[in-house]
**Student:** 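I have a structure I would like to understand better, so I am pasting it below and will then ask my questions one at a time.
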Amino acid sequence: MKVKVNSKKGLIGIVIIAIILGIMLMALLINNKNSKSDKTLIEFLKQSLLLKEEEVYEKEEDDKDEEVPQIVERNNEEISILPTMLEEIKPNSIWCPTFQLIWNDMVNEVVKQEVVFNPQEEMAENLNKQEFKEEMISDELYYKTYGLKTIELKEKIEKGIKDKFNEKSSILDTINWADEDIKDTNDIEKYIFYSMLKREFKFENKFTTLETAPFGDKYKDIKYFGINSDTEDAVRNQVKVLYYNSDNDFAVEISTKQGDKLILSRGCEKNNFSDIYKEINQKAGAFEGDKEFLEKDNLKIPNIKINEKKEYEELENKPFIAKDGRTAEIADAIQTIEFELDSEGGKVKSEALMQVTFTSAIDTDKKAPRNFYFEDEFVIFIKEENKELPYLACKISDISLYQK
């Protein structure tokens with residue numbers, strides 16, 4: 001039985017062979033029309049061409065079910081790792097709290113005040129808000145530590161993630177641990193802040209593997225799992241409807257054996273993850289329809305498998321001042337996120353690392369003078385001592401009106 005092989009290499013081979021043999025055939029036809037031996041050669045070339053086509057297009061029938069590797073075209077778009085849920089999201093974005101956790105340790109334990117660059121970065125401002133803290137996640141899901149940069153600290157981290165997660169770090173060796181780099185001087189200290197989060201979860205009942213289907217208007221033959229008319233009730237029972245306002249505005253919650261909940265939604269219009277999460281909860285609270293996943297309901301979720309790395313260059317090599325007056329700079333700010341999801345369950349793994357250099361406190365005598373010059377538009381308030389509101393307020397823009 002003939003089965004067409006959908007292979008680019010096979011098609012390229014056909015074209016090359018056809019061109020070469022075609023040229024030879026035409027040359028022979030033009031120059032040797034009356035030669036019997038050449039006619040025989042021509043017949044041989046014709047047969048050879050047909051044979052090559054047969055070889056490329058024929059396969060054994062038992063190869064028919066062989067899986068063709070799935071290629072998903074990204075259209076040159078990247079997945080953006082975000083350090084907080086407050087960052088503006090792009091069409092393809094992902095967040096995990098590992099970087100926020102080490103930022104919190106840096107700010108709370110070493111810097112002792114918020115990080116302020118000049119000019120200030122919106123990313124740093126969002127991180128300073130510490131919207132996510134370690135008490136918001138179970139201890140079993142994460143490991144973190146910090147300290148002066150030493151080989152002993154590196155070994156402590158390696159042992160810690162091995163003992164807790166049976167994992168190795170993919171980012172520890174991206175920074176320099178040579179003796180000359182980790183040796184502190186009287187004026188310089190180098191700190192390492194590190195965290196890892198790992199969670200694997202399983203669904204109580206495996207979802208149905210669905211036929212490949214399009215995703216949006218660009219992509220075809222995408223792998224999906226979910227629920228259709230053949231799916232058992234036990235699978236349906238692990239899905240809860242949070243709300244369903246239309247085919248383009250809905251959210252569901254899926255339970256796992258470990259107690260984790262997957263919340264999936266479409267139709268949210270906010271521009272950051274924090275506001276989207278709030279919007280989902282608001283819509284769920286207002287929904288008065290049936291929250292049970294009914295027998296006629298269908299569910300389709302694409303398989304997911306990513307492994308991304310991000311270096312936050314926006315935060316690197318920019319001086320800021322610690323509470324004790326020392327100047328600090330973030331030399332390295334790195335985060336990775338792995339995320340997998342299929343019909344049986346999923347996995348989340350993330351690492352984050354910062355290397356921060358602190359130099360001796362600035363000599364206050366060498367500071368530049370601060371000039372409090374009210375030489376352009378300004379305001380004045382006058383109030384009594386111990387009184388809440390002023391008894392005079394004045395905004396001055398045109399000074400000529402105030403100097404008569």
**Student:** Please determine whether a side-chain nitrogen of the Lys or Arg among Asp139 and Lys164 lies less than 4.0 Å from a carboxylate oxygen of the Asp or Glu.
**Tutor:**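 Between Lys164 and Asp139 there is a salt bridge, with a charged N closer than 4.0 Å to a carboxylate O.
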
**Student:** Provide the closest heavy-atom pair for Asn128 versus Val115 in the form atom of the first, atom of the second, distance.
**Tutor:**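 In terms of heavy atoms, the two residues are closest at ND2-O, 2.8 Å.
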
**Student:** Tell me, do Ile321 and Val116 make a side-chain contact under 4.5 Å, heavy atoms counted?
**Tutor:**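 No, too far: nothing below the 4.5 Å cut-off.
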
**Student:** Quick one: which of Lys305, Arg199, Glu200 gives a side chain to side chain contact (heavy atoms under 4.5 Å, CB included) with Lys347?
**Tutor:**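 Single pass found, and it is Glu200.
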
**Student:** Donor-acceptor pair, distance only, cut-off 3.5 Å: does the side chain of Gln100 make one with the backbone of Leu127?
**Tutor:**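 Yes: the side chain of Gln100 pairs with the backbone of Leu127.
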
**Student:** Starting at CG of Leu315, measure out to CD of Glu329 and round the result to the nearest 0.5 Å.
**Tutor:**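 Taking CG in Leu315 and CD in Glu329, the distance rounds to 12.5 Å.
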
**Student:** Check this for me: does any side-chain nitrogen of one of Lys318 and Glu121 sit under 4.0 Å from a carboxylate oxygen of the other?
**Tutor:**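 A salt bridge is present here (some side-chain N lies under 4.0 Å from a carboxylate O).
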
**Student:** Between the main-chain N or O of Phe117 and the side-chain N or O of Gln120, is there a donor-acceptor pair closer than 3.5 Å?
**Tutor:**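 A pair under 3.5 Å: yes.
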
**Student:** Could you check whether any side-chain N or O of Ser195 sits under 3.5 Å from a backbone N or O of Thr98, counting only pairs where one atom can act as donor and the other as acceptor?
**Tutor:**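 Yes, because the side chain of Ser195 sits within donor-acceptor range (under 3.5 Å) of the backbone of Thr98.
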
**Student:** Out of curiosity, Lys198 NZ to Ser350 OG, how far, rounded to the nearest 0.5 Å?
**Tutor:**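 Rounded to the nearest 0.5 Å, the NZ-OG separation comes to 13.0 Å.
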
**Student:** Indicate whether any N or O donor in one side chain lies under 3.5 Å from an N or O acceptor in the other, for Lys149 and Gln355.
**Tutor:**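 Distance-only check passes for Lys149 and Gln355.
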
**Student:** Using a 6.0 Å cut-off, check whether atom NZ of Lys261 has over 12 heavy atoms from anything other than its own residue.
**Tutor:**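 More than 12 within 6.0 Å, yes.
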
**Student:** SG of Cys96 to CE of Met196: how many Å apart, nearest 0.5 Å?
**Tutor:**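 Reported to 0.5 Å precision, the distance equals 11.0 Å.
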
**Student:** Report the C-alpha distance between Glu351 and Tyr194 in whole Å, list the side-chain angles of each, state the deciding distance to 0.1 Å, and finish with yes or no for side chain to side chain donor-acceptor pair (under 3.5 Å).
**Tutor:** CA-CA 8 Å; Glu351 286 186 274; Tyr194 175 86; 2.5 Å; yes

**Student:** Which heavy atom of Ile161 sits nearest to which heavy atom of Ser169, and what is that distance?
**Tutor:**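 Heavy atoms only, the tightest pair is CD1-N, 3.5 Å.
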
**Student:** Are Thr256 and Glu204 close enough, and set up right, to give a side chain to side chain donor-acceptor pair (under 3.5 Å), and what steps lead you there?
**Tutor:** CA-CA 6 Å; Thr256 69; Glu204 194 70 43; over 6 Å; no

**Student:** Could you tell me if the side chain of Leu172 sits less than 4.5 Å from the side chain of Glu158, heavy atoms only?
**Tutor:**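 The answer is yes, as the side chains (C-beta and beyond) meet within the 4.5 Å cut-off.
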
**Student:** Do any side-chain atoms of residues 286-301 form donor-acceptor pairs under 3.5 angstrom with protein atoms, and if so which ones, sequence neighbours left out?
**Tutor:**
{"residue": "Asp290", "atom": "OD1", "partner": "Glu292", "partner atom": "N", "Å": "3.0"}
{"residue": "Lys291", "atom": "NZ", "partner": "Ala284", "partner atom": "O", "Å": "3.2"}
{"residue": "Asp297", "atom": "OD2", "partner": "Leu294", "partner atom": "N", "Å": "2.7"}

**Student:** Shortest non-hydrogen contact from Ser255 to Phe203?
**Tutor:**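 Taking every non-hydrogen atom into account, O-CD2, 3.6 Å.
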
**Student:** Does the salt bridge (charged side-chain N to carboxylate O under 4.0 Å, His left out) test come out yes or no for Asp249 and Arg266, once each step is laid out?
**Tutor:** CA-CA 5 Å; Asp249 183 18; Arg266 286 190 63 190; over 6 Å; no

**Student:** Going by atom types alone, do Asn92 and Glu78 pair a side-chain donor with an acceptor below 3.5 Å?
**Tutor:**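 The answer is no; no qualifying pair exists.
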
**Student:** Flag the pair Ile137 / Leu197 as yes when at least one side-chain heavy-atom distance between them is below 4.5 Å, and no otherwise.
**Tutor:**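 Of all side-chain heavy-atom pairs linking Leu197 with Ile137, at least one is under 4.5 Å.
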
**Student:** Assess whether ring-ring contact (aromatic ring centres under 6.0 Å, His included) is satisfied between Tyr191 and Phe358, documenting all intermediate values.
**Tutor:** CA-CA 8 Å; Tyr191 277 81; Phe358 293 83; 5.5 Å; yes

**Student:** Taking only residues at least two apart or on different chains, which pairs with a member in residues 335-356 satisfy ring pair (Phe, Tyr, Trp, His ring centres under 6.0 Å)?
**Tutor:**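 Of all non-adjacent pairs touching residues 335-356, none passes ring pair (Phe, Tyr, Trp, His ring centres under 6.0 Å).
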
**Student:** Determine the minimum heavy-atom distance between Pro302 and Phe215, stating which atoms define it.
**Tutor:**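 Heavy atoms only, the tightest pair is CG-CE1, 4.2 Å.
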
**Student:** Please step through salt bridge (charged side-chain N to carboxylate O under 4.0 Å, His left out) for the pair Asp324 and Lys112, ending with a clear verdict.
**Tutor:** CA-CA 8 Å; Asp324 60 10; Lys112 301 290 186 180; over 6 Å; no

**Student:** Apply the test side chain to side chain donor-acceptor pair (under 3.5 Å) to residues Ser274 and Glu131: give CA-CA distance (whole Å), side-chain angles for both, the deciding distance (0.1 Å), then the verdict.
**Tutor:** CA-CA 9 Å; Ser274 181; Glu131 188 179 65; 3.1 Å; yes

**Student:** Walk me through whether Asn303 and Leu341 qualify under side-chain contact (heavy atoms from CB on, under 4.5 Å).
**Tutor:** CA-CA 6 Å; Asn303 289 15; Leu341 183 65; over 6 Å; no

**Student:** Any sub-3.5 Å donor-acceptor pair from Thr208's side-chain atoms to Leu210's backbone N or O?
**Tutor:**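 Such a contact is absent between Thr208 side chain and Leu210 backbone.
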
**Student:** Ile280 and Ala251: which non-hydrogen atoms are nearest, and at how many Å?
**Tutor:**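 Shortest heavy-atom separation between Ile280 and Ala251 comes out as CG2-CB, 4.3 Å.
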
**Student:** Are there more than 12 heavy atoms of other residues, nucleotides or ligands under 6.0 Å from atom NZ of Lys270?
**Tutor:**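 12 or below, so no.
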
**Student:** Quick one: are Phe99 and Thr84 in side-chain contact, heavy atoms under 4.5 Å?
**Tutor:**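 Of all side-chain heavy-atom pairs linking Thr84 with Phe99, none is under 4.5 Å.
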
**Student:** Does a side-chain heavy-atom distance below 4.5 Å link Asp332 with Met354?
**Tutor:**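 Answer no - side chains too far apart.
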
**Student:** More than 12 non-hydrogen atoms from neighbouring residues, nucleotides or ligands closer than 6.0 Å to CD on Glu211, yes or no?
**Tutor:**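 No, CD of Glu211 has 12 or fewer neighbouring heavy atoms, counting only those of other groups under 6.0 Å.
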
**Student:** Does Lys144, at its NZ atom, have more than 12 non-hydrogen atoms belonging to other residues, nucleotides or ligands within less than 6.0 Å?
**Tutor:**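 It does: Lys144 NZ has more than 12 such atoms within range.
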
**Student:** Side-chain donor-acceptor pair under 3.5 Å between Gln335 and Tyr312, yes or no?
**Tutor:**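 Checked: Gln335/Tyr312 side chains pair up, N/O donor to acceptor below 3.5 Å.
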
**Student:** Is a side-chain N or O of Gln258 found less than 3.5 angstrom from the main chain of Lys202, in a donor-acceptor match?
**Tutor:**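 Confirmed, Gln258 side chain pairs with Lys202 backbone.
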
**Student:** According to side-chain hydrogen bond (donor to acceptor under 3.5 Å, both in side chains), who are the partners of Gln238, at least two apart in sequence or on a separate chain?
**Tutor:**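 side-chain hydrogen bond (donor to acceptor under 3.5 Å, both in side chains) list for Gln238, sorted by chain: empty.
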
**Student:** Are the side chains of Val110 and Val356 in touch, meaning some heavy atoms are under 4.5 Å apart?
**Tutor:**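 No, too far: nothing below the 4.5 Å cut-off.
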
**Student:** Do the side chains of Glu167 and Lys162 get close enough for a salt bridge, i.e. N-O under 4.0 angstrom?
**Tutor:**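 Judged by the 4.0 Å cut-off on N to carboxylate O distance, Glu167 and Lys162 do not form a salt bridge.
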
**Student:** Quick one: does any side-chain atom of Ser138 pair with a main-chain N or O of Glu140 as donor and acceptor, under 3.5 Å?
**Tutor:**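 It does not hold such a pair.
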
**Student:** Is Asn104 reaching over with its side chain to a backbone N or O of Lys133, donor-acceptor style, under 3.5 angstrom?
**Tutor:**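 The answer is no, because no donor-acceptor pair under 3.5 Å joins these two groups.
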
**Student:** Taking atom CD1 of Ile175 and atom NZ of Lys154, what is their separation to the nearest 0.5 Å?
**Tutor:**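 Rounded to the nearest 0.5 Å, the CD1-NZ separation comes out at 9.0 Å.
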
**Student:** With distance as the sole test, does Thr359 use its side chain to make a donor-acceptor pair with the main-chain N or O of Thr327 at under 3.5 Å?
**Tutor:**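 Yes.
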
**Student:** Would you say the side-chain atoms of Asp163 pair up with the backbone N or O of Asn166, donor to acceptor, closer than 3.5 Å?
**Tutor:**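 Pair absent, no side-chain N/O of Asp163 close to backbone of Asn166.
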
**Student:** Are there more than 12 heavy atoms of other residues, nucleotides or ligands under 6.0 Å from atom CD of Glu311?
**Tutor:**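 It does: Glu311 CD has more than 12 such atoms within range.
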
**Student:** Quick one: is the NZ or CZ of Lys283 closer than 6.0 Å to the six-membered ring centre of Phe250, and within 45° of its axis?
**Tutor:**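 The answer is no, since Lys283 fails at least one limit relative to Phe250.
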
**Student:** Quick one: pull up CD1 in Ile79 and CD1 in Ile81 and give me the separation to the nearest 0.5 Å.
**Tutor:**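 The CD1 atom of Ile79 sits 8.5 Å away from the CD1 atom of Ile81.
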
**Student:** Under the criterion side chain to side chain contact (heavy atoms under 4.5 Å, CB included), which of Leu264, Ile263, Val252 is the partner of Leu242?
**Tutor:**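 When Leu264, Ile263, Val252 are each tested with Leu242, the side chain to side chain contact (heavy atoms under 4.5 Å, CB included) holds only for Ile263.
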
**Student:** Look at the aromatic rings of Phe225 and Phe207 and report parallel, tilted or perpendicular, splitting at 30° and 60°.
**Tutor:**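 Plane angle between 30° and 60°, so tilted.
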
**Student:** Which heavy atom in Phe273 sits nearest to a heavy atom in Leu82, and how many Å separate them?
**Tutor:**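 That closest heavy-atom pairing would be CE1-CD1, 3.8 Å.
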
**Student:** Once you round to the nearest 0.5 Å, how far does CD1 of Ile334 lie from CD of Glu316?
**Tutor:**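 It is 7.0 Å, given to the nearest 0.5 Å.
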
